[in-house]
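In listed order, ligands and their atoms are each counted from 1.
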Amino acid sequence: MLLLISPDGVEEALDCAKAAQHLDIVDVKKPDEGSLGANFPWVIREIREAVPADKPVSATVGDVPYKPGTVAQAALGAVVSGATYIKVGLYGCTTPEQAIDVMRGVVRAVKDHRPDAFVVASGYADAHRVGCVNPLALPDIARRSGSDAAMLDTAVKDGTRLFDHLPPETCEEFVRRAHETGLLAALAGSVRVEDLGALTRIGTDIVGVRGAVCEGGDRNVGRIRPHLVAAFRAEMDRHAAQHTVAVTTAG
Ligand SMILES: O=C[C@H](O)COP(=O)(O)O
């Protein structure tokens, strides 16, 4: 499982860089603009320069409206600024068709500029609270739009967590649907270390966190700390090793 960490700006990205050996992807966002709030292009550029070259930089394009042209242009801005993982939160899409429309534009805008960039279609585990597309539709939306991964986060950051809205069995079905069509499955949403066992067991490819690696577990007031990133990674590795033993023993 890959670890994606979301700093809110250059200062926190520098702290992520200090823990670079413990993480896999640095994800630029602006949490005060929403769950997948988009940051400024110059922030993406500065973070790309600050993070070791072998660590991909991801950027969120926002909790986007159903405006395919606007979103495609924003996604191009993110990739031109140096991000190679482009994450789109399909907040304003109420049907799979709308979501596919948005993601097709993003895929074209991004891949015309940089064919090796990785496009992530993100929905929300708590979609029922904000009226957007069903989370289990995301793998099919990602597949039909030519995206590379399907992701779920939570739309409302009120302390409730991924598994409060979608139990592990439903997340497992999400992962299964993504894998069935050759896509990666990414999961996030106030994930804590105690969720890592289930996330590992169900085959999650990427786990996205912010709060869990901030001081006091607080994604707004706390700051990302390198030792918390290292500790989170150690727990991930422990669960991965346990899972391998369990699978080998069962086989
Ligand atoms: O993409 C990952 C998100 O930033 C997760 O943030 P969170 O762990 O604070 O919910």
Non-hydrogen atom of Lys87 closer than 4.0 Å to ligand 1: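 Yes, Lys87 has heavy atoms under 4.0 Å from ligand 1.
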Proximity flag Gly189 to ligand 1, non-hydrogen atoms under 4.0 Å: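 Yes, Gly189 has a heavy atom closer than 4.0 Å to ligand 1.
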No-hydrogen, no-angle side-chain donor-acceptor test under 3.5 Å, Tyr85 and Asp148: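 Checked: Tyr85/Asp148 side chains show no N/O donor-acceptor pair below 3.5 Å.
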Check ion pair [X]-[Y] (N to O, under 4.0 angstrom):
X      : Y      : value
Arg223 : Glu215 : no
Asp218 : Arg210 : no
Arg143 : Asp140 : yes

Measure the [atom1]-[atom2] distance between [X] and [Y] for me, rounded to the nearest 0.5 Å.
X      : Y      : atom1 : atom2 : result
Leu162 : Asp126 : CG    : CG    : 9.5 Å
Leu36  : Thr60  : CG    : OG1   : 5.5 Å
Ser81  : Trp42  : OG    : CH2   : 9.5 Å

Within ligand 1, which atoms have a heavy atom of [X] less than 4.0 Å away?
X      : value
Lys29  : 1 (O), 2 (C), 3 (C), 4 (O)
Leu4   : 1 (O)
Ser190 : 7 (P), 8 (O), 10 (O)
Gly211 : 7 (P), 8 (O), 9 (O)
Arg210 : 4 (O), 5 (C), 6 (O), 7 (P), 8 (O), 9 (O)
Val209 : 2 (C), 8 (O)

Ligand 1 to Thr154 polar contact by distance, N or O atoms, under 3.5 Å: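 N/O-N/O distance under 3.5 Å: no.
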Within-cut-off N or O pair, Arg219 and ligand 1, under 3.5 Å: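 N/O-N/O distance under 3.5 Å: yes.
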Shortest non-hydrogen contact from Val156 toward Thr160: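 Result for this residue pair: O-OG1, 4.2 Å.
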Structural part of Ser6 in contact with ligand 1, heavy atom criterion under 4.0 angstrom: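 Contact part for Ser6 vs ligand 1: side chain (C-beta onward).
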Met151, portion touching ligand 1 at heavy-atom distance under 4.0 Å: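 The part of Met151 near ligand 1 is the side chain, not the backbone.
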